[in-house]
Amino acid sequence: MIDKINQLKKELEGLSATDLGAVEEFRIKYLSKKGLIPLLFNDFRTVPADQKKAMGQALNELKNFATERINALRESLETAETADPTLDLTRTPAPIPLGSRHPLSIVREEIISIFSRLGFTVAEGPEIEDDWHVFSSLNFAADHPARDMQDTFFIQRNPDVLLRTHTSSVQSRVMEHTEPPIRIICPGRVYRNEAISARAHCFFHQVEALYVDQNVSFADLRQTLLYFAREMFGPETQIRLRPSYFPFTEPSAEMDISCNLCGGKGCSFCKHTGWVEILGCGMVDPNVLESCGIDSKKYSGFALGMGVERITNLKYQVKDLRMFSENDKRFLEEFQSAH
């Protein structure tokens, strides 16, 4: 009997099949009620008593081996029949539509990219700030209106802890701990206590730039602004600077660009002036440099700041600021081609 067992095992080891019908024939031949292996179990009764234990163990091993071998053949053929080489098995069973980047993110990255080509690096800071970095270090007087509760969100009625109202606080932090030359761009979210409407929101996004070095002049600022405007809005864009006032810059200016819709001819968007305001800028006030530990007699610098929502409005004509924060899928899908 042991010879028959060894012979059947060799046969099983050499089995191969090209279809499931052949596998079923193997099962019938070896494992069915009248198959070769059950017949060996019928002959087991004639085995001498002293050999029954070893022979029974060998028969059970043969039956298990045959079952495993035939099942393996069946599984390999079933897998081959159902496999699709074009099917991505890592995909989810339900189709998931691709999302799109937020328009503010698109414009923010474009602004950063333009300034990075001028050597500016990104600097970031906390959104929960202290009075020194948001106001005092930037030459805001103690009675400045921006410190009023109507404009600033204070934390737990603590006049020294607040949500930053501009990303200029990042500039003061960098100037405190960095030896000039300093050339940074500061993107981030800011907060102001304003009524939410189509033209205003209690939070929005800014990008500010700071350049501090020896012999930095207003001409450097103007050329930087011209380069930015033409990279962002097109090579035909013109700029103009109007005198203004900011506590942390002197002299200060507001910059307009020629309307990118009418080309400066005048339309309803630019209120028929041909110009659209986009940012504020100026030379860093010496008091700001000194308060941050920089020698104002040796170094000078310029700063500029813009609202990302404002630039996005100019590029995509989004008239309602609330659209940027309402997560309306229909609105976001309009920017899939802007990536």
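Numbers for residues simply follow the sequence, beginning at 1. Note that these values count all heavy atoms, side chains included, but never hydrogens, waters or copies made by symmetry.
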### Query
Going by heavy atoms in the side chains, are Leu162 and Val134 under 4.5 Å from each other?
yes
#### Entry: side chain to side chain donor-acceptor pair (under 3.5 Å) partners of residues 58-67, not counting sequence neighbours, each pair once
none
### Query
Got a sec, which pairs hit ring-ring contact (aromatic ring centres under 6.0 Å, His included) with one end in residues 282-307, sequence neighbours left out?
Tyr211-Phe302
### Task
Scan for salt bridge (charged side-chain N to carboxylate O under 4.0 Å, His left out) pairs involving residues 227-241, sequence neighbours excluded, and state none if there are none.
Arg117-Glu231, Arg240-Asp256
#### Entry: Distance (rounded to the nearest 0.5 Å) between Ile239 CD1 and Leu241 CG
5.0 Å
### Task
Find out whether His201 and Glu309 are in side-chain contact, i.e. whether some heavy atom of one side chain is under 4.5 Å from a heavy atom of the other.
no
### Query
Okay, side chain of Thr237, backbone of Gly234: is any donor-acceptor separation there less than 3.5 Å?
yes
### Message
Just so I know, are the side chains of Val276 and Leu314 near enough to count as touching, which here means a heavy-atom distance under 4.5 Å?
### Response
yes
### Query
Where do Cys202 and Asn193 land on the side-chain contact (heavy atoms from CB on, under 4.5 Å) test, with the steps shown first?
CA-CA 6 Å; Cys202 62; Asn193 192 4; over 6 Å; no
### Query
Taking Thr178 for the side chain and Val174 for the main chain, is one N or O donor matched with an acceptor at less than 3.5 Å?
yes
### Query
What is the ring orientation for Phe324 with His102, classed by angle as parallel under 30°, tilted 30 to 60°, or perpendicular over 60°?
tilted
#### Entry: Gap separating the SG atom of Cys186 from the CD atom of Glu208, nearest 0.5 angstrom
6.5 Å
### Query
What residues form a side-chain hydrogen bond (donor to acceptor under 3.5 Å, both in side chains) with Thr249, not counting sequence neighbours?
Ser252
### Message
Checking the side chain of Ser137 only, and the main-chain atoms of Ser172 only, is there a donor and an acceptor separated by less than 3.5 Å?
### Response
no
### Query
Between His205 and Phe203, how do the two ring planes meet: parallel, tilted or perpendicular, split at 30° and 60°?
perpendicular
### Query
Under 4.5 Å between any side-chain heavy atoms of Gln238 and Ile257, yes or no?
no
### Message
Tell me whether the count of non-hydrogen atoms from other residues, nucleotides or ligands lying under 6.0 Å of CG in Asp295 goes above 12.
### Response
yes
### Task
Identify the heavy atoms of Pro187 and Thr167 that sit nearest to each other, and give their distance.
C-CG2, 4.3 Å
### Task
Identify the heavy atoms of Pro247 and Phe140 that sit nearest to each other, and give their distance.
CG-CE2, 3.8 Å
### Leu289 with Trp132, same ILVMFWY side-chain cluster at under 4.5 Å
no
### Query
Would a 4.5 Å heavy-atom cut-off, applied to side chains only, mark Glu13 and Arg69 as touching?
no
### Query
Does a side chain donor of either Asn313 or Arg310 reach within less than 3.5 Å of an acceptor in the other side chain?
no
### Query
Of the non-hydrogen atoms in Ser197 and Leu321, which two are nearest, and what is the gap between them?
O-CB, 4.4 Å
### Task
For Asp160, enumerate each residue passing the side-chain hydrogen bond (donor to acceptor under 3.5 Å, both in side chains) test, keeping only those at least two apart in sequence or located in another chain.
none
### Task
Can you see which heavy atom on Leu332 is nearest to which on Pro103, and at what distance?
CD2-CD, 4.0 Å
### Task
Report the distance from atom CG of Leu210 to atom CD1 of Ile184, rounding to the nearest 0.5 Å.
5.0 Å
### Side chains of Phe233 and Ile278 in contact at under 4.5 Å (non-hydrogen atoms)
yes
### Query
Are Val190 and Ile155 linked, directly or through other ILVMFWY residues, by side chains that come within less than 4.5 angstrom of each other?
no
### Task
Not counting sequence neighbours, which residues clear ring-ring contact (aromatic ring centres under 6.0 Å, His included) with His133? List them please.
none
### Task
State plainly whether one hydrophobic cluster holds both Ile114 and Val122, where clusters connect Ile, Leu, Val, Met, Phe, Trp and Tyr through side-chain heavy atoms under 4.5 angstrom apart.
yes
### Query
Do you know the tightest heavy-atom contact between Leu31 and Ala66?
CD2-CB, 4.0 Å
### Query
If only atom types and distance count, is the side chain of Thr152 paired as donor or acceptor with the main-chain N or O of Phe154 below 3.5 Å?
no
### Query
Where the side chain of Ser116 meets the backbone of Ser113, is there a donor-acceptor pair that is under 3.5 Å apart?
yes
### Task
Quick one: pull up CG in Leu225 and CZ in Phe218 and give me the separation to the nearest 0.5 Å.
7.5 Å
### Query
Can you tell me if Arg192 uses its side chain to pair, donor with acceptor, with the backbone of Asp151 under 3.5 Å?
no
#### Entry: Minimum heavy-atom distance between Glu194 and Ala200, given as atom pair plus value
OE1-CB, 3.7 Å
### Message
Would a single hydrophobic cluster contain both Tyr316 and Phe331, if residues Ile, Leu, Val, Met, Phe, Trp and Tyr are joined by side-chain heavy-atom contacts under 4.5 Å?
### Response
yes
### Task
Report yes if some heavy atom in the side chain of Ile185 is under 4.5 Å from a heavy atom in the side chain of Ile111; otherwise report no.
yes
### Query
Ignoring hydrogens and geometry, is there a side-chain-to-backbone donor-acceptor pair from Asp213 to Val216 under 3.5 Å?
no
### Query
Any donor-acceptor pair under 3.5 Å linking the side chain of Glu254 with the backbone of Gly280?
no
### Query
So Phe115 and Phe120, would you call those rings parallel, tilted or perpendicular, with 30° and 60° as cut-offs?
perpendicular
### Message
For Ile128, is the CD1 atom crowded, meaning more than 12 foreign heavy atoms sit under 6.0 Å from it?
### Response
no
### Message
Restricting to side-chain hydrogen bond (donor to acceptor under 3.5 Å, both in side chains), what partner residues turn up for Thr312, sequence neighbours left out?
### Response
none
### Query
If you round to the nearest 0.5 Å, how far is OG of Ser169 from CG of Leu138?
7.5 Å
#### Entry: Co-membership, hydrophobic cluster, residues Leu73 and Leu36, 4.5 Å side-chain
yes
### Query
Is any side-chain heavy atom of Glu124 less than 4.5 Å from a side-chain heavy atom of Val170?
no
#### Entry: Under the salt bridge (Lys or Arg N to Asp or Glu O under 4.0 Å) test, residues paired with Glu129 that sit two or more places apart
Arg173
### Query
Hey, does the side chain of Arg164 reach the backbone of Arg189 with a donor-acceptor pair shorter than 3.5 angstrom?
yes
### Task
Report the distance from atom CD1 of Ile182 to atom NE2 of His177, rounding to the nearest 0.5 Å.
11.5 Å
### Message
Test of understanding: with salt bridge (Lys or Arg N to Asp or Glu O under 4.0 Å), list the residues that count as partners of Asp328, not counting sequence neighbours.
### Response
Arg330
### Task
Sequence neighbours left out, what passes side-chain hydrogen bond (donor to acceptor under 3.5 Å, both in side chains) with Glu11? Give chain and number order.
Tyr30
### Summary
salt bridge (Lys or Arg N to Asp or Glu O under 4.0 Å) filter on Arg322, not counting sequence neighbours, yields Asp320
### Query
Between Lys10 and Gln7, is a side-chain contact (heavy atoms from CB on, under 4.5 Å) present by the stated rule, with each step listed?
CA-CA 5 Å; Lys10 287 183 179 180; Gln7 182 182 350; 5.9 Å; no
### Task
Not counting sequence neighbours, which residues clear salt bridge (Lys or Arg N to Asp or Glu O under 4.0 Å) with Arg222? List them please.
none
